[in-house]
Amino acid sequence: MTAVQIRRLSTRAPGFEAEFQRVLHWSAETDEAIESRVAAILADVRQRGDAAVLEYTKQFDGLDVASVAALEIDEAALQRSLDEITPAQRAALEAAAARVRAYHERQLDACGRDWSYRDADGTLLGQKVTPLDRVGIYVPGGKAAYPSSVLMNAVPAKVAGVGEIVMVVPTPRGERNPLVMAAAHVAGVDRVFAIGGAQAVAALAYGTEAVPRVDKITGPGNAYVASAKRRVFGQVGIDMIAGPSEILVLADGSTPADWVAMDLFSQAEHDELAQSILLCPDEAYIERVRSEIDRLLPGMPRREVIRASLEGRGALILTRSMEESCEISNRIAPEHLEVSSRDPHRWQPLLRHAGAIFLGAFASESLGDYCAGPNHVLPTSGTARFSSPLGVYDFQKRSSLIEVSEAGAGVLGPIAAELAYGEGLQAHAQAAEMRLRKPR
């Protein structure tokens, strides 16, 4: 097998910046044909409800049933799936769910509670935190089995106190993945419908005769699902529009080179557009990693996808120092950031932008994907500069609390009135001033 032609860059090279920008470039432009088709599907489901969902499910998934109710997978079926998977699979699923739940319960304690305080004049100010009533989670189905996505979306929603979780999952030709169904049961999903694609997003966003309307839709999907989520935003909330998966490894040369090569593979195997980048100030170590890439690749079942990803969007970048590596990392703002170093806590304070930061040689990104505890739904394509991982806070909303005492009105009224008059809003000003006088 020929060597992988992955880019080798150096920050010392005169043309580094131009090459670096080419590595990062990824066009998020949407396919007009997909956009047009999705718009038509959404409009059709909104108008015709279940009838449209049934037609698209027959067309795209090869399922011909009499009603959408027949596409609902009941709790007994989920329990059977849990009972039918292997003991090892069940143990792993339940252990992962427990860790994800424990992490998000701590997140709830940290940021998801009501709070209030009183000023010296008796005015009460605070925040009321309320879980969403109903959320929808989209899960890829069929041969693409992602039970981990079920856990990562449903468990924090459950911890947040969401009233009802509705899962949609395509089952092409009736093919139900037992691990996905078992994960739904373990995570506490309330209702499951065997529908997918843009029609599933439309059903959740608008509601049909059988599928209840939700307040927010989360979860990964293909280009049609992403387009549909983008279009229904405003009618419902969404988590994010994710781009290709990414990993960035900051290495000081102390981690076995084959570990780092395999970590780069772990993202590259997702698809040809996934991105894997190594930043390191040790040129000899970069060469060892490159050699391990060539040695390990022939044994990978998805070697052609990995090769295409590494050659198309991957890079091995020689830096002047670990400090410079951290600076470049902040510019990239990667989805997954591994600090593969003897002393990762030395560098962690310098890292401002990343979806998830994995500290030390033993913290492989794959552990975060499945069972470490923090959420694996992460911002991509540089959006970690302003976005956060999916969490309990995504399934809650906040209401401000304001209770003003008579003394407080005497303090706040003149301030509000002055500003309101300055804005030309006399009713605002007079409403504040009236509280300065005794009621008649």
Side-chain angles (χ1 to χ4, degrees), residues 30-78 81 133-146 149-150 153-154 164-178 180-181 183-184 189-239 241-242:
T30 55
D31 185 303
E32 289 186 8
I34 290 177
E35 291 294 311
S36 176
R37 186 66 174 130
V38 167
I41 292 171
L42 295 181
D44 196 16
V45 172
R46 189 171 195 176
Q47 181 179 357
R48 297 196 298 126
D50 281 359
V53 171
L54 288 172
E55 286 183 19
Y56 293 121
T57 300
K58 180 180 179 181
Q59 178 182 347
F60 298 127
D61 290 341
L63 283 175
D64 190 2
V65 296
S67 67
V68 172
L71 294 171
E72 185 165 5
I73 302 168
D74 61 23
E75 187 176 353
L78 301 182
S81 293
D133 291 335
R134 182 185 291 124
V135 300
I137 63 173
Y138 189 98
V139 178
K143 292 182 180 178
Y146 296 111
S149 288
V150 179
N153 283 270
E164 186 177 35
I165 302 172
V166 182
M167 185 174 109
V168 292
V169 53
T171 57
R173 299 164 301 283
E175 182 181 343
R176 296 181 185 179
N177 187 281
V180 167
M181 300 303 157
V189 172
D190 297 288
R191 300 181 71 180
V192 180
F193 290 90
I195 55 176
Q199 62 272 22
V201 174
L204 292 172
Y206 305 131
T208 70
E209 296 88 337
V211 182
R213 179 180 181 181
V214 303
D215 301 309
K216 190 167 189 173
I217 301 172
T218 70
N222 62 18
Y224 288 87
V225 172
S227 173
K229 285 172 65 178
R230 186 183 297 109
R231 284 177 173 272
V232 300
F233 177 65
Q235 294 284 334
V236 294
I238 61 172
D239 50 353
I241 303 297

Novice: When you compare the side chain of Thr208 with that of Val45, does any pair of heavy atoms fall below 4.5 Å?
Specialist: yes

Novice: Partners of Tyr56 by side chain to side chain donor-acceptor pair (under 3.5 Å), sequence neighbours excluded?
Specialist: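 Expected list: Asp44.
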
Novice: CD1/Ile73 to CE/Met167 distance, rounded to the nearest 0.5 angstrom?
Specialist: 6.5 Å

Novice: Would you please name every residue forming a side chain to side chain contact (heavy atoms under 4.5 Å, CB included) with Ala198, sequence neighbours left out?
Specialist: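 Side chain to side chain contact (heavy atoms under 4.5 Å, CB included) list for Ala198, sorted by chain: Val38, Ile41, Ala228.
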
Novice: If you look only at pairs with a residue in residues 33-42, which of them pass as a salt bridge (Lys or Arg N to Asp or Glu O under 4.0 Å), with sequence neighbours excluded?
Specialist: Glu35-Arg230, Glu35-Arg231

Novice: Can you confirm whether Tyr224 sits close enough to Val201 that some side-chain heavy atom of one is under 4.5 Å from a side-chain heavy atom of the other?
Specialist: no

Novice: Not counting sequence neighbours, list each pair that qualifies as a salt bridge (Lys or Arg N to Asp or Glu O under 4.0 Å) and has a residue in residues 211-227.
Specialist: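 Qualifying pairs, neighbours excluded: Lys216-Asp394.
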
Novice: What salt bridge (Lys or Arg N to Asp or Glu O under 4.0 Å) pairs are there with at least one residue in residues 67-77, not counting sequence neighbours?
Specialist: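 Of all non-adjacent pairs touching residues 67-77, those that pass salt bridge (Lys or Arg N to Asp or Glu O under 4.0 Å) are Glu72-Arg191.
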
Novice: Considering residues at least two apart in sequence or located in another chain, which fulfil the side chain to side chain donor-acceptor pair (under 3.5 Å) criterion with Glu209?
Specialist: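 By the side chain to side chain donor-acceptor pair (under 3.5 Å) rule, Glu209 matches no residue at all.
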
Novice: List for me each residue that meets salt bridge (charged side-chain N to carboxylate O under 4.0 Å, His left out) alongside Asp31, sequence neighbours excluded, and say none if there are none.
Specialist: none

Novice: Considering non-hydrogen atoms only, spot the tightest contact between Ala154 and Ile165 and give its length.
Specialist: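 So the two residues come closest at O-CD1, 3.6 Å.
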
Novice: I'd like to check the side chain to side chain donor-acceptor pair (under 3.5 Å) partners of Arg46; sequence neighbours left out, ordered by chain and number.
Specialist: none

Novice: Under 4.5 Å between any side-chain heavy atoms of Val232 and Tyr206, yes or no?
Specialist: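 Yes; the side chains approach each other to less than 4.5 Å.
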
Novice: Go through the structure and list residues passing side chain to side chain contact (heavy atoms under 4.5 Å, CB included) with Ala226, not counting sequence neighbours.
Specialist: Ile241

Novice: Between Val189 and Val150, what is the shortest heavy-atom contact and its length?
Specialist: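 Heavy-atom minimum between the residues: CG2-CG1, 4.5 Å.
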
Novice: Do Val169 and Met181 pass the side chain to side chain contact (heavy atoms under 4.5 Å, CB included) test, and can you show the C-alpha distance, the side-chain angles, and the key distance before you say yes or no?
Specialist: CA-CA 9 Å; Val169 53; Met181 300 303 157; 3.9 Å; yes

Novice: How far apart are the closest heavy atoms of Ser227 and Ile34, and which atoms are they?
Specialist: CB-CG2, 4.3 Å

Novice: Which side-chain N or O atoms in residues 57-67 pair as donor and acceptor under 3.5 Å with protein atoms at least two apart or in another chain?
Specialist:
residue	atom	partner	partner atom	Å
Thr57	OG1	Val53	O	2.8
Ser67	OG	Ala70	N	3.3

Novice: Under 3.5 Å, is there a donor-acceptor pair between the side chain of Asn222 and the main chain of Gly197?
Specialist: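 Here the side-chain-to-backbone pair does not exist.
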
Novice: Hey, does Pro212 have a side-chain heavy atom less than 4.5 Å from the side chain of Arg134?
Specialist: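 Side-chain contact under 4.5 Å: yes.
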
Novice: Evaluate the criterion side chain to side chain contact (heavy atoms under 4.5 Å, CB included) for residue pair Phe193 and Leu204; output intermediate values, then yes/no.
Specialist: CA-CA 10 Å; Phe193 290 90; Leu204 292 172; over 6 Å; no

Novice: Considering non-hydrogen atoms only, spot the tightest contact between Ser149 and Pro220 and give its length.
Specialist: OG-CG, 3.9 Å

Novice: Looking at CD1 of Ile238 and CD1 of Ile217, how far apart are the two atoms once the value is rounded to the nearest 0.5 Å?
Specialist: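 Going from CD1 on Ile238 over to CD1 on Ile217, the span is 8.5 Å.
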
Novice: Go through the steps for Asp190 and Val166 under the test side chain to side chain contact (heavy atoms under 4.5 Å, CB included), then give the verdict.
Specialist: CA-CA 6 Å; Asp190 297 288; Val166 182; over 6 Å; no

Novice: Of all the heavy-atom pairs spanning Ala194 and Thr171, show the shortest one and how long it is.
Specialist: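 Minimum heavy-atom separation between Ala194 and Thr171: CB-OG1, 3.5 Å.
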
Novice: Are the side chains of Lys229 and Asp239 in touch, meaning some heavy atoms are under 4.5 Å apart?
Specialist: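 Heavy-atom side-chain distance check passes, below 4.5 Å.
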
Novice: Between Val180 and Tyr146, is a side chain to side chain contact (heavy atoms under 4.5 Å, CB included) present by the stated rule, with each step listed?
Specialist: CA-CA 6 Å; Val180 167; Tyr146 296 111; 5.6 Å; no

